[in-house]
Amino acid sequence: MDLLMQLLVIGGVLELGGTHVLRSINEQRMHPLFTMTMEQTARQKRAMPKLYFDASTAEERYGEYWLGQAQQTLEQQLETKTQLNTHLAKNIMLFLGDGMSIPTISAGRLYLGGEEKQFAFEQFPYVGLSKTYCANMQVADSACTATAYLGGVKGNYGTVGVSAAVPLNDCHAQALREHHVSSIAAWAQEQGMATGLITTTAVTHASPAGVYAHAANRNWENDAEVLSDNGDPSICPDIAMQLIHGQVGQKLNVILGGGRENFLPQSATDAKGAPGRRLDGRNLIAEWKQQHTNSAHFVQTRDELMSLSNRTSRVLGLFAPYHMPYHLDANAQEQPTLAEMVHVALDILKRQSAGRGYFLFVEGGRIDHGHHDTMALRAIDETAEFDKAVHTGRSQTSVEDTLIVVTSDHSHTMSLAGYSSRKNNIFGINNGQLGADGLPYATLSYANGPGYSTNVLREGSEVKRKNLRAINMKNNDFMFPSMVPLPSETHGGDDVAVFASGPYAHLLTGAYEQNFIPHAMGYASCLGVKKSRSMCTDNGIERRPR
């Protein structure tokens with residue numbers, strides 16, 4: 001209880017109808033007022049520096065600006081939502097920003113240049129909320145969520161492409177076909193559509209694995225990992241093996257990302273000298289080449305990817321031993337951007353679809369990794385790169401026949417907090433308020449993670465916050481402050497956004513379970529376990545009477 005409140009209680013004010021006084025004090029505590037100009041004086045919260053807060057642009061000072069802006073938004077809403085697009089979705093693209101929480105999107109706008117900025121996917125006409133929990137966990141991982149948003153079924157934490165009947169690490173349960181969950185990529189292939197996946201992580205990582213694999217442990221990316229958990233690779237093949245020889249994996253026209261080590265034996269090295277990890281002695285890259293015709297190409301660099309012949313029917317591109325580098329660290333000659341990979345993939349898929357359409361999964365996977373290390377700058381830069389890929393996908397396709405869905409698998413614990421002025425550096429110190437200890441705090445912070453050590457100073461038995469003014473927060477590897485010390489920041493359990501554009505995009509509005517997403521996409525494209533494109537026409541979908 002602060003001094004003023006103690007005086008009120010001692011003086012009997014609260015007993016004499018002083019409740020309104022206490023309420024006023026609480027309002028000032030929770031919603032502090034600020035000095036709006038340097039000349040004015042106003043009530044200030046304790047330790048509040050005097051700052052100049054002003055509108056971002058001169059026109060924002062006037063009501064007419066906001067009235068006009070709202071009217072423009074209203075006109076856009078009326079134009080995009082009064083006539084529903086119920087054409088057949090010949091093509092589907094699912095863009096997955098791994099760990100792209102709503103605060104990540106908000107912070108990303110500031111990275112783009114201001115609070116009023118928008119990502120390309122934010123301009124999509126329809127938005128919904130997806131509930132991300134696993135069948136057995138409140139806070140999800142990227143494996144069980146991949147099963148949900150790709151296969152339409154919620155599974156257990158750490159498992160991918162299997163139902164919740166498969167416990168973590170249960171090799172024999174994985175082997176039972178009745179436990180396998182088929183993805184929307186499998187549905188598309190059954191209808192003769194071209195298919196592909198792109199990621200900035202290893203192509204065997206949890207999210208892309210949801211396209212083609214069935215695994216009781218997301219970490220079983222190679223046979224060595226299966227054996228390390230006492231599994232039998234002959235009973236439960238590893239994820240890389242399933243990508244090359246599985247029913248869905250071997251039919252994929254496009255496979256782009258990282259992860260060379262999971263396809264090579266320990267006795268071999270890749271183009272950069274990195275050793276393989278397989279114990280079975282098999283070179284799955286060579287086996288992929290043998291499987292396919294001369295129009296199929298294996299590439300390892302950006303130049304090789306961008307130089308592919310226009311007669312290419314399939315491409316396997318592995319650009320790193322494991323995950324591709326962060327965009328901030330990438331060698332532009334060696335690693336293609338996510339947008340460049342999308343551009344090449346669409347050219348191939350359009351040709352190979354032969355008019356039957358295609359399904360493409362695209363993951364910005366390293367947003368998640370930046371957050372786990374509480375490196376917010378990296379996470380948000382990866383979000384901006386992810387958005388460029390979405391823009392490429394939308395600009396190269398027609399809204400009339402191509403459904404694009406942009407979402408995330410789960411959130412993170414990063415928050416955007418405080419009372420900073422407009423345009424304040426999102427990666428710096430909050431410029432509107434000091435902590436009760438008289439020290440500044442970061443606008444971005446995490447509930448837990450390795451950034452704890454960045455923010456604390458131990459003096460004997462006492463723990464104090466470090467003064468962020470004395471720390472270089474502009475470093476790409478700066479770990480933003482976190483409250484609970486953990487070696488890796490955790491995922492968050494809050495809902496994530498879903499943005500949609502194209503045929504039947506309106507189905508993805510509202511709040512719903514994450515496993516609804518592929519069912520909505522399947523309905524738009526006449527795909528699914530019991531659906532056939534024979535019931536579809538170019539002008540729409542012949543639905544049974546309701």
Side-chain angles (χ1 to χ4, degrees), residues 23-24 27-28 30-45 48-85 97 100-129 380 383-384 387-388 390-391 394-395 399-400 404-407 415-428 430-433 443-444 494-502 505-511:
R23 185 180 299 120
S24 177
E27 275 299 304
Q28 292 178 42
M30 292 185 288
H31 307 114
L33 297 179
F34 298 87
T35 301
M36 294 298 112
T37 68
M38 294 296 286
E39 292 78 19
Q40 293 173 335
T41 56
R43 291 174 294 172
Q44 293 193 19
K45 187 176 178 181
M48 185 72 64
K50 290 185 177 181
L51 294 169
Y52 181 78
F53 290 84
D54 202 355
S56 179
T57 58
E59 59 266 27
E60 289 186 9
R61 299 181 183 182
Y62 306 103
E64 289 80 1
Y65 168 83
W66 298 106
L67 293 173
Q69 187 255 15
Q71 189 63 35
Q72 183 180 5
T73 301
L74 177 60
E75 292 172 0
Q76 291 173 346
Q77 294 285 74
L78 290 170
E79 181 181 353
T80 58
K81 294 183 172 64
T82 52
Q83 292 185 343
L84 300 181
N85 181 348
M100 188 179 70
S101 61
I102 292 175
T104 301
I105 296 171
S106 300
R109 296 181 194 132
L110 288 147
Y111 189 55
L112 294 181
E115 296 83 356
E116 73 286 352
K117 299 293 184 181
Q118 278 190 312
F119 286 114
F121 58 78
E122 291 186 276
Q123 298 172 34
F124 285 8
Y126 299 100
V127 184
L129 289 174
I380 292 170
T383 304
D387 182 62
K388 293 175 185 176
V390 176
H391 176 73
R394 184 72 286 174
S395 63
V399 72
E400 293 301 312
I404 297 182
V405 178
V406 179
T407 188
S415 66
L416 174 67
Y419 302 100
S420 289
S421 59
R422 287 283 295 275
K423 308 293 186 183
N424 184 49
N425 180 8
I426 191 67
F427 302 113
N430 181 303
N431 72 353
Q433 188 178 49
T443 301
L444 300 180
D494 38 311
D495 296 352
V496 296
V498 183
F499 304 87
S501 168
H506 54 278
L507 296 181
L508 289 159
T509 56

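Each residue takes its place number in the sequence, starting with 1. Any value given below was found using the heavy atoms of this structure, including those in side chains, with hydrogens, waters and symmetry copies removed.
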When rounded to the nearest 0.5 angstrom, what is the spacing between CG in Asn85 and OG1 in Thr80?
-> 11.5 Å
To the nearest 0.5 Å, tell me how far Glu116 CD sits from Thr57 OG1.
->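 Going from the CD atom of Glu116 to the OG1 atom of Thr57 covers 7.5 Å.
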Give the C-alpha distance, both sets of side-chain angles, the deciding distance and a yes or no for side chain to side chain contact (heavy atoms under 4.5 Å, CB included) between Leu444 and Leu416.
-> CA-CA 5 Å; Leu444 300 180; Leu416 174 67; 3.6 Å; yes
Taking atom NE2 of His506 as the centre, does the number of heavy atoms from other residues, nucleotides or ligands within less than 6.0 Å exceed 12?
->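 Buried by this count: over 12 neighbours within 6.0 Å.
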From CA spacing to verdict: side chain to side chain contact (heavy atoms under 4.5 Å, CB included), Phe499, Ile105 | CA-CA 12 Å; Phe499 304 87; Ile105 296 171; 4.0 Å; yes
Determine whether Leu129 and Ile102 make a side-chain contact, defined as any pair of heavy atoms from C-beta on separated by less than 4.5 Å.
->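 Yes, side chains in contact.
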Do the side chains of Arg109 and Ile426 get nearer than 4.5 Å, heavy atoms only?
->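 No; the side chains remain at least 4.5 Å from each other.
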Let me check something: any side-chain donor-acceptor pairs from residues 63-75 under 3.5 Å, sequence neighbours excluded? List them with distances.
{"unit_1": "Trp66", "atom_1": "NE1", "unit_2": "Glu60", "atom_2": "O", "d": "2.9"}
{"unit_1": "Thr73", "atom_1": "OG1", "unit_2": "Gln69", "atom_2": "O", "d": "3.1"}

Which heavy atom of [X] sits nearest to which heavy atom of [Y], and what is that distance?
{"X": "Asn430", "Y": "Asn424", "answer": "CA-ND2, 4.1 Å"}
{"X": "Leu508", "Y": "Ala500", "answer": "CD1-CB, 3.8 Å"}
{"X": "Lys423", "Y": "Gly114", "answer": "NZ-CA, 3.4 Å"}
{"X": "Val399", "Y": "Ser501", "answer": "CG2-OG, 3.6 Å"}
{"X": "Gln77", "Y": "Lys81", "answer": "OE1-NZ, 2.7 Å"}
{"X": "Ala384", "Y": "Phe119", "answer": "CA-CE2, 4.0 Å"}

Among Lys117, Glu115, Arg422, find the residue that satisfies the side-chain contact (heavy atoms from CB on, under 4.5 Å) test when tested with Leu110.
-> Glu115
Go through the structure and list residues passing ring pair (Phe, Tyr, Trp, His ring centres under 6.0 Å) with Tyr111, not counting sequence neighbours.
-> Phe427
For Ala497, does its backbone N or O pair with a side-chain atom of Thr407 as donor and acceptor, under 3.5 Å?
->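 Yes; at least one donor-acceptor contact below 3.5 Å.
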Applying salt bridge (Lys or Arg N to Asp or Glu O under 4.0 Å), name anything that partners Glu59, two or more places apart in sequence or on another chain.
-> none
